[in-house]
Amino acid sequence: SKGIESGNTQGTVFRDAIYIFDRDDSSVTRWTVDATGALVAGGTVSFQGAGVKDACAICNVFGDERHAYMVGSSAGVMVTWNPTDMTLVATQDLPAAILARDGIPAAFAWPFVQGGRAFMAASWINYDTLAVYGRAAVLAFDATADRPEVTVLEDERCGVSSTVTPFADAEGNVYVVGDWNAGLEQVGKKTKAPNPACLLRVRPGATSFDPDYDLDLLAATNAQALYGAYAMAGGKLLVNILPKEAPPTTDEAIDADSYAYFNRLDFTYAVLDLATRATTPVALPPGGAGNNTPLVLDGVNYIQVYPQGQFTGEDPGADLYAVRADGSAVKALRAGAAGDFEMIGRLRGR
């Protein structure tokens, strides 16, 4: 009864506020909660003047109380803004050298900040032709500066970091997944990726990937493709996979639909212990491919399950499950028709 409806938006909880990003008018509005639990609208920042074409929450980095960054890869700009007083700080062009690879446009998303340094998954995908630049990569910059220097770290040991948010361990190492465009390049095309989806590591302060760390995620999880993955507490990784025993996506299916792989209903979840490499299946039946947005509340991971698939034309809504490290899963919520969980967080009234 205290909810507020919005349009084409995404949201993020940062510190003591909710930030709602309007993808139609390229703006962000700050909301707080009062002592009664009611939502209170605050200031709005518009990115239209900077040319940002899509103000999405997964394109935005929160650095500290004075620095947030809207990374507009399609527009080739980055806007620094203040998430406390809701003002623009600076606008700068992204380096031309990172905006395309082999003529394929860049997409930077899935933000993560570790030790004051921002990391975003970096991929180059042409969604019209499905051509990709076949390297794992991450965008990196100082998340405490008004005009940070922006660089890209890339590695050829696996490819296309498109769907997984970077994450860190207790020692401050940052991990990046080369998921091969959510697994499409592994099994959804006639020409397959040359190497498996893998997990790479960036040491604290390093400007390249650690050459001594390379975890084959397909071998570790007994999978033929990795659709997505989410960091869990205790050094574990929750993975959304197409199991090795699942039938292949046939050439006939690919000829009929270039995205046939995404329409499958036999994706499963498992918990991978990154230290022991042990894998525990999640106690859920196979289903459609999940949403790639990390959903964590009070240290517990939540995942969305689409009983009839996300892309099949059916519209049953989504089931939201809490998943524990032992692979147990408990249904928390169900969305109605056209429902989808884009974010989850907690605020306390004041």
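Predicted, not measured: the structure shown is a model, and the values here were computed from it.
- Taken to the nearest 0.5 Å, the CG atom of Asp214 stands 8.5 Å off from the CG atom of Leu199.
- Between Ala260 and Ala253, the closest heavy-atom pair is CB-O, 3.6 Å.
- Closest non-hydrogen pair, Arg15 versus Asp64, comes out as NH2-CA, 4.1 Å.
- Counting only heavy atoms from C-beta outward, the side chains of Val202 and Asp210 never approach each other to under 4.5 Å.
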* **Trace of the ring-ring contact (aromatic ring centres under 6.0 Å, His included) decision for Tyr269 with Tyr321** => CA-CA 12 Å; Tyr269 285 89; Tyr321 282 86; 9.2 Å; no
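- With hydrogens and angles left out, the side-chain atoms of Ser27 and Thr44 include no donor and acceptor closer than 3.5 Å.
- Ring pair Phe112/Phe119 is tilted by interplanar angle, where 30° to 60° counts as tilted.
- One hydrophobic cluster holds both Phe262 and Leu130 under the rule that ILVMFWY side chains link at heavy-atom gaps under 4.5 Å.
- For Ser161 (side chain) and Ala136 (main-chain N/O), no donor-acceptor pair under 3.5 Å exists by modelled atom type.
- Glu245 CD: more than 12 foreign heavy atoms inside a 6.0 Å radius.
- The backbone N or O of Ile125 lies less than 3.5 Å from no partner atom in the side chain of Ser123, so there is not a single donor-acceptor pair.
- The backbone N or O of Gly11 lies less than 3.5 Å from no partner atom in the side chain of Glu342, so there is not a single donor-acceptor pair.
- Asp319 contributes no side-chain N or O that, together with a main-chain N or O of Lys331, makes up a donor-acceptor pair within less than 3.5 Å.
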* Going through the checks in order, is the side chain to side chain donor-acceptor pair (under 3.5 Å) test met by Asn195 and Trp180? -> CA-CA 9 Å; Asn195 44 44; Trp180 281 113; 3.1 Å; yes
* Full working for ring-ring contact (aromatic ring centres under 6.0 Å, His included) between Tyr175 and Tyr213 -> CA-CA 10 Å; Tyr175 294 84; Tyr213 188 92; 5.5 Å; yes
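- Looking only at atom types and distance, the side chain of Thr280 has no donor-acceptor partner in the side chain of Asp326 under 3.5 Å away.
- With hydrogens and angles disregarded, a donor-acceptor distance shorter than 3.5 Å links the side chain of Lys192 to the backbone of Lys189.
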* Does the pair Arg135 and Asp155 meet the rule for a salt bridge (charged side-chain N to carboxylate O under 4.0 Å, His left out), with working shown? -> CA-CA 6 Å; Arg135 293 192 177 191; Asp155 199 293; over 6 Å; no
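- Between Leu88 and the choices Thr80, Val79, Asn82, the side chain to side chain contact (heavy atoms under 4.5 Å, CB included) rule is met once, by Val79.
- Asn60 contributes atom CG, which lies 6.0 Å from atom CZ of Phe47 (distance to the nearest 0.5 angstrom).
- In this structure, the side chain of Asp179 engages the main chain of Thr163 through a donor-acceptor pair within 3.5 Å.
- Between Met343 and Val13 there is a side-chain heavy-atom pair separated by less than 4.5 Å.
- Phe209 CZ to Glu156 CD: the interatomic distance, rounded to the nearest 0.5 Å, is 12.5 Å.
- Between the side chain of Gln186 and the backbone N or O of Ala225 there is no donor-acceptor pair closer than 3.5 Å.
- Residue Phe21 holds its CZ atom at 11.0 Å from CD1 of Ile58, rounded to the nearest 0.5 Å.
- Contact between Val176 and Ala137 at its shortest, heavy atoms only, is CG1-O, 3.9 Å.
- Of all non-hydrogen atoms in Trp110 and Pro166, the two that sit nearest each other are O-CD, 3.2 Å.
- Taking the six-membered ring wherever Trp is involved, the centroid distance between the rings of Phe267 and Tyr261 falls below 6.0 Å.
- Here Asp298 pairs with Arg346 in a salt bridge; the nearest charged N to carboxylate O distance falls below 4.0 Å.
- Aromatic ring centres of Tyr69 and Phe141 lie closer together than 6.0 Å.
- Residues Asp22 and Asn8 bring no donor and acceptor atom of their side chains to less than 3.5 Å of each other.
- Other residues, nucleotides and ligands contribute over 12 non-hydrogen atoms within 6.0 Å of the CD atom of Glu65.
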* Go through Asp16 and Arg30 one step at a time and tell me if the salt bridge (charged side-chain N to carboxylate O under 4.0 Å, His left out) criterion holds. => CA-CA 10 Å; Asp16 64 346; Arg30 186 178 193 269; 3.0 Å; yes
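- The same ILVMFWY cluster, assembled from side-chain heavy atoms under 4.5 Å apart, contains both Phe108 and Ile104.
- In this structure, Leu200 is not a member of the same hydrophobic cluster as Leu272, with clusters built from ILVMFWY side-chain heavy atoms closer than 4.5 Å.
- Between Arg23 and Thr9, the side chains place no donor N or O within less than 3.5 Å of an acceptor N or O (distance only, hydrogens not considered).
- For the pair Leu295/Phe341, a side-chain contact is recorded, criterion being any heavy-atom separation below 4.5 Å from C-beta on.
- Put simply, Leu237 and Val271 are part of two different groups of oily side chains (I, L, V, M, F, W, Y) that touch within less than 4.5 Å, one to the next.
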* Verify salt bridge (charged side-chain N to carboxylate O under 4.0 Å, His left out) between Glu154 and Arg101, making sure each step is shown before the conclusion. => CA-CA 11 Å; Glu154 59 182 277; Arg101 292 281 192 271; 2.8 Å; yes
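- What you find for Val61 and Pro111 is that their closest heavy atoms are CG2-CB, 3.6 Å.
- Considering OG1 of Thr32 and CG of Leu39, their distance stands at 8.0 Å, rounded to 0.5 Å.
- Grouping the Ile, Leu, Val, Met, Phe, Trp and Tyr side chains by contacts below 4.5 angstrom, directly or via other members, places Trp124 with Val150.
- Heavy-atom minimum distance, Asp255 versus Lys190: OD1-NZ, 2.7 Å.
- Expressed to the nearest 0.5 Å, how far CD of Glu185 lies from SG of Cys158 amounts to 13.0 Å.
- For the residue pair His67 / Asp146, a side-chain donor-acceptor distance below 3.5 Å is found, with atom types taken as modelled.
- Side-chain N or O atoms of Asp24 include none that pairs as donor or acceptor with a backbone N or O of Gly7 at under 3.5 Å.
- The ring of Tyr230 has its center no closer than 6.0 angstrom to the ring center of Phe167.
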